[in-house]
Amino acid sequence: MRVQNSATGDPSIAVGGRDAGTAGGTGHAGRNGTLLAGLGVIAFSLTFPATAWGLEGFGPWSLVSVRCVLAALLAGGALLALHAPVPERRHWAGLAVVAAGVVLGFPLLTTLALQTSTTSHAAVVVGLLPLTTAAFSALRTGARPSRAFWAAALAGAAVVIAFTVQQSGGAVSTGDMYLFGALLICAAGYTEGGRLAREMPGWRVIGWALVLCLPLAVPATVVALAIEPVHLTGHSVAGVLWVAAGSQFLGLVVWYRGMAEIGVARASQLQLAQPLLTLVWSVLLLGEHLPVAAPVAAVAVLVCIAVTQRSRTR
């Protein structure tokens, strides 16, 4: 089974083997699972504000490469400590797709976008990611979603396109192009990760994908830090540490654990709040002015996502 994540750049691929609607969700285990999954959503919702903080002291290339190296070191340590088996040879091609889409592509493109776009703007655009992932998954697996699903998906896409054009003064900006590219490449990574998660736990999928990027990330970090000036501040250090440890590793750990305890369906409902949380953080942490269109568009996209979740597959 599989669930798609929203605008964070973090893959929410399936865990466990229980039915999404019947997984344990009552009593102490249910409360604990809800708390853990909620902590994961909060961690993911802070990704864009933390990236904006990181850009105060790092260039986009150095921020992404340092983020990747730190997260890979944490993931590698966890894999070693838990004696995780090395994936079979047939899994490495899929892990490379996950790495390209989730570990490298999405963080890089969204970081480049945030040089010119506000976090609130990016949160609305990337809020379309679950729908984009679902469409990729249908193409990859041969599933046939219902007409209601496709109608809701197209409506969500129309809302996001209208929002970006309105906010960009009648045209699509360079930052928007980066965000749309991030949607496509991350959706491909999520879809492949969902396929792999049927054969290994989800945290191992992202863990090995991170480790797979180390041979590229380490030299990239050295070059990027030599070329791009670095001005360490409290914000920039906190930002890079959060996107590495909080968003790309620890957030996934608590998210997967919580999802295993309460089931995919309940966890997905919690995740619907993620774009709106990012809008709140953009105001509280970054002092951004929130245009009226941002929360309106975000809510409209969330309604479309809720419809797709409830649409049956033919």
Side-chain angles (χ1 to χ4, degrees), residues 5 8-15 35-55 57-58 60-87 91-92 94-108 110-111 186 189-190 193 196-197 200-222 224-225 230 232 234-260 274:
N5 195 359
T8 65
D10 305 297
S12 294
I13 29 196
V15 293
L35 174 62
L36 291 172
L39 290 174
V41 171
I42 293 172
F44 301 149
S45 71
L46 282 162
T47 300
F48 283 174
T51 300
W53 272 8
L55 286 172
F58 291 85
W61 296 93
S62 56
L63 175 60
V64 172
S65 58
V66 169
R67 163 185 176 164
C68 182
V69 169
L70 293 177
L73 292 176
L74 287 172
L79 291 169
L80 287 174
L82 297 175
H83 305 288
V86 176
H91 292 147
W92 285 106
L95 288 171
V97 174
V98 176
V102 176
V103 178
L104 297 177
F106 185 83
L108 176 60
T110 53
T111 299
C186 191
Y190 279 4
L196 288 173
M200 68 176 76
W203 73 271
R204 291 186 191 172
V205 174
I206 187 61
W208 285 112
L210 282 165
V211 171
L212 185 62
C213 291
L214 264 179
L216 177 63
V218 170
T221 300
V222 174
L225 290 176
V230 175
L232 296 181
H235 278 180
S236 63
V237 173
V240 73
L241 290 178
W242 182 261
V243 293
S247 299
Q248 199 146 24
F249 184 69
L250 297 178
L252 283 168
V253 172
V254 295
W255 168 251
Y256 288 137
R257 182 64 178 271
M259 189 164 58
Q274 187 173 319

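For the numbers below, each heavy atom of this structure counts, side chains included, while hydrogens, waters and symmetry mates do not.
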key: Leu210 to Ala75 - nearest heavy-atom pair and separation   = CD1-CB, 3.8 Å
ask   = Between CD of Gln248 and CH2 of Trp242, what distance do you get to the nearest 0.5 Å?
value = 13.0 Å
ask   = Do side-chain atoms of Thr221 reach the backbone of Ala217 as a donor and acceptor pair under 3.5 angstrom?
value = yes
task = Please examine the side chains of Val64 and Phe58, heavy atoms only from C-beta on, and report whether any two atoms are closer than 4.5 Å.
result = no
key: Val86 and Trp92, any side-chain heavy atoms less than 4.5 Å apart   = yes
message = Working to the nearest 0.5 angstrom, can you tell me the gap between Leu55 CG and Ser62 OG?
response = 8.5 Å
query = Minimum heavy-atom separation for Val230 to Leu232, with atom names?
reply = CG1-CD2, 3.7 Å
task = Go through the steps for Phe249 and Leu73 under the test side chain to side chain contact (heavy atoms under 4.5 Å, CB included), then give the verdict.
result = CA-CA 10 Å; Phe249 184 69; Leu73 292 176; over 6 Å; no
request  = Taking all heavy atoms of Val102 and all of Ile206, pick out the closest pair and write down the distance.
outcome  = CG1-CD1, 4.1 Å
Residue pair Ala43 / Gly251: nearest heavy atoms and the distance that separates them = CB-CA, 3.9 Å
task = Determine, step by step, whether Leu46 and Ser247 satisfy the side chain to side chain contact (heavy atoms under 4.5 Å, CB included) criterion, reporting the C-alpha distance in whole Å, the side-chain angles of both residues, the deciding distance to 0.1 Å, and the verdict.
result = CA-CA 8 Å; Leu46 282 162; Ser247 299; 5.6 Å; no
inquiry  = Are the side chains of Phe106 and Thr47 in contact, using a 4.5 Å heavy-atom criterion?
reply    = no
query = How many angstroms lie between CH2 in Trp208 and NE2 in His91, if you round to the nearest 0.5 Å?
reply = 13.0 Å
note = For Cys68 and Val103, the nearest pair of non-hydrogen atoms, with its separation, is SG-CG1, 3.6 Å
ask   = At their closest point, which heavy atom of Leu70 faces which heavy atom of Ala244, and how far apart are they?
value = CB-CB, 3.6 Å
query = If we only count heavy atoms from C-beta on, is the Trp61 to Thr111 side-chain gap below 4.5 Å?
reply = no
key: Residue that, paired with Pro87, satisfies side-chain contact (heavy atoms from CB on, under 4.5 Å) out of Val205, Leu95, Leu212   = Leu95
ask   = Taking side chain as C-beta onward, heavy atoms only, is Thr51 less than 4.5 Å from Thr110?
value = no
